[in-house]
Amino acid sequence: MKRKGWFQVLRPLSPRARLAFGTLSFVLPIVIWCIVSYVPAVWHPQMLITDPGSIDYLQVGMRMNKAAFAEAVAEAESEHKDPPKGVSSNPIYLPAPHEVATALYTAFVTPSPTKDSPWLHQSLWHSMQVIFWGFVISSIFGVPLGILCGTYAAFARLNEPFIEFFRYLPAPAFGALAVAILGIYDGPKITIIVIGTFFQQVLIIANTTRKLDGGLVEAALTLGTKKLALLTRVVIPGILPDLYRDQRILLGWAWTYLIVAELIGTTSGITWFITQQARYQHFANVYAAIMMIGFIGLGTDMVLALIGRRLFPWDRTLTKNA
Amino acid sequence: MRDAMNKYVAPGEFPSYLDQSAAVRARFERLKKREVILKVDHLSKVFTTGKGETLALNDISFETHRREFLCVVGPSGCGKSTLVRILAGLEEHTSGEVLLQGKPVTEPGSDRGMVFQGYTLFPWLTVKKNVMFGLEVNGRSKYEAERDALQWLQLIGLEKFADSYPHQLSGGMKQRVAIVRALANQPRILLMDEPFGALDAQTRARMQAHLLEIWRKIDITIVFITHDLDEAIFLADRILVLSAHPGEVQELIEVPVPHPRSAAQFISPEFLATKARLEELIHQGKADDDEDADTYQMVARLTDVTDSVD
């Protein structure tokens with residue numbers, strides 16, 4: 001059987017095809033966005049008024065549905081007055097790529113409109129700190145507990161049934177409680193991220209630990225390894241690469257709780273920026289900020305993957321697939 | 001293949017597997033004079049499952065002497081792996097006793113080394129550190145452990161790979177490392193559970209010769225589980241033959257093939273006589289036991305009758 005080409009079951013791609021498809025995965029959505037934005041025939045359900053003509057309720061910069069605009073034109077023409085002029089456009093909530101790109105740039109170089117309020121980069125930095133502390137606190141407790149649950153069945157039975165129950169409670173539901181206990185600043189926000197991450201973390205890491213090859217433990221036993229050394233010299237080093245991968249996935253999870261967390265108490269960080277801009281209908285800025293989160297998330301993950309490859313040179317799963 | 005073998009070793013044509021040359025007999029006498037390292041005494045093992053109780057091993061008794069090479073063979077399901085795992089202390093026995101130099105075995109310990117079929121090298125440690133592992137967990141200093149490990153690697157000719165990771169080695173090399181990792185602890189006995197089962201035929205032959213070489217050079221008693229009869233005869237001083245359901249001792253055969261062993265002996269009369277005896281023991285009563293035995297006769301011809309491969 002010929003095993004070349006793009007659609008081979010469980011076969012890696014050639015490096016060139018990998019690069020091509022990887023680039024396409026970003027280019028394709030952008031191309032679609034461009035087509036919707038710049039080709040009037042595709043969607044453009046509205047008219048952006050460039051000249052109100054004789055119609056007094058129209059203003060430059062207003063958007064209206066094409067049907068209403070056609071009515072306005074017909075009305076003006078029937079009265080032999082100046083018809084309004086406009087260009088077809090998308091609704092305000094879908095800005096064009098170039099508008100978002102400009103917003104991305106100007107958001108960083110322009111100070112925020114109100115005094116005392118933070119610049120975009122300050123908001124972002126604040127968000128990253130909240131994520132960082134939430135994740136660190138969760139990991140300090142979650143990682144050791146997960147490993148213990150995975151290693152000792154007694155630990156697992158003692159903790160996992162309750163954690164299984166608790167992980168279904170939505171983290172944001174604890175918002176009001178967290179504010180009552182920890183005040184309105186960063187305390188409750190970090191708490192929400194911890195609650196959102198911790199319970200999943202324990203269960204995922206416990207499962208990863210249970211997947212360790214039992215043969216390695218038996219080999220260590222026959223070499224004379226005693227209880228605690230079994231944990232520190234076999235179980236922990238044995239699961240480290242998988243544990244690291246789990247942590248990367250869980251960090252992504254923590255980001256998804258960020259926006260909800262930042263709405264609790266005083267709105268802060270990138271969420272404050274997004275809600276402010278949305279209030280003034282600066283949707284280009286909103287998209288710019290959302291993308292920023294994506295860039296930061298993807299960027300950190302790529303850096304962590306790179307570090308992982310350095311840390312665990314023996315790990316074979318890293319070079320397989322992906 | 002089996003039919004052909006039986007034809008050639010028909011009774012009378014070859015000496016019995018019980019006939020030993022003077023040299024072989026003298027060697028066995030010397031062997032039996034050495035102290036007993038491992039004594040298995042009326043050992044039984046019952047597995048309790050949801051369906052009830054299964055007797056896996058029934059009243060197993062045997063002894064091995066210092067520097068003896070004992071192979072354990074038997075049909076699948078005879079519990080030979082369970083036996084070696086009990087000896088290692090990885091599994092509990094139901095009744096009877098396992099004594100290592102007079103001390104009962106209750107848990108795994110560094111006085112019994114073990115080599116598994118699946119290599120089980122620690123993938124996060126280099127070859128050298130794998131060998132150092134047992135030494136370090138038993139309280140030897142890092143310097144001593146490293147010095148010893150390098151000597152062991154030299155013994156098996158893998159000192160060049162000291163800083164490689166296990167995934168960079170071939171199967172045979174991995175198993176050589178696993179053997180010296182177990183030996184580095186200087187155990188009294190080395191337990192091997194089908195260690196060469198995953199290797200290709202050529203590598204396996206080389207590993208067998210290699211293992212004999214190691215065994216001759218150091219003070220070690222080996223209990224070696226295998227289902228390959230040639231392997232058992234080639235390696236063993238004595239072969240413990242188990243029967244299945246439940247696992248019981250059928251016979252403890254003294255292999256009449258003289259030492260030192262070489263590949264040329266595979267066709268010697270002693271070798272063939274021993275093999276014939278093993279086949280007889282292992283395949284007897286198998287007809288009603290083995291689902292695979294008669295299946296080939298049930299395959300209908302799907303080709304043209306003139307299109308024969310014979």
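The structure displayed is predicted, hence computed values, not measured ones. Just so it is clear: chains get the letters A, B, ... in the order the sequence lines come, proteins before strands, and each one is counted from 1.
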field: Region of Phe122(B) that comes under 4.5 Å of a non-hydrogen atom in chain A
entry: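 For Phe122(B), backbone and side chain are both near chain A.
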task: Let me know if Leu135(B) has heavy atoms under 4.5 Å from chain A in its side chain, its backbone, both or neither.
output: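 Neither part.
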Would you find more than 12 non-hydrogen atoms of other residues, nucleotides or ligands less than 6.0 Å from [X] atom [atom1]?
X         : atom1 : answer
Gln186(B) : CD    : no
Arg147(B) : CZ    : yes
Tyr152(A) : OH    : yes
Phe155(A) : CZ    : no
Glu92(B)  : CD    : no

- prompt: Among residues 220-237 of chain A, which ones touch chain B with a heavy-atom distance under 4.5 Å?
  reply: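 Within residues 220-237 of chain A, the residues that come under 4.5 Å of chain B (heavy atoms only) are Ala220(A), Leu221(A), Thr222(A), Leu223(A), Gly224(A), Thr225(A), Lys226(A), Arg233(A), Val234(A), Pro237(A).
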- prompt: Quick one: which residues of residues 128-136 of chain A reach chain B at under 4.5 angstrom, heavy atoms only?
  reply: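 Residues in range: none.
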field: Most contacts with chain A, counted as non-hydrogen pairs under 4.5 angstrom, among Pro166(B), Ala184(B), Pro123(B), Gly134(B)
entry: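 It is Pro123(B).
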message: Just so I understand: if I count every heavy-atom pair under 4.5 Å between each of Ala182(B), Gly109(B), Pro187(B) and chain A, which residue has the most?
response: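 Ranked by heavy-atom pairs under 4.5 Å with chain A, first place is Gly109(B).
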Trp124(B) side chain near Leu240(A) side chain, heavy-atom distance below 4.5 Å: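 The answer is no; the side chains never approach within 4.5 Å.
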Could you state the interatomic distance from [atom1] ([X]) to [atom2] ([Y]), rounded to the nearest 0.5 Å?
X         : Y         : atom1 : atom2 : result
Leu216(A) : Phe116(B) : CG    : CZ    : 9.5 Å
Glu218(A) : Met114(B) : CD    : CE    : 7.0 Å
Leu125(B) : Trp314(A) : CG    : CH2   : 8.0 Å

query: What pair of heavy atoms forms the shortest contact from Ala219(A) to Arg181(B), and how long is it?
result: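 Scanning both residues, the minimum pair turns out to be CB-NH2, 3.5 Å.
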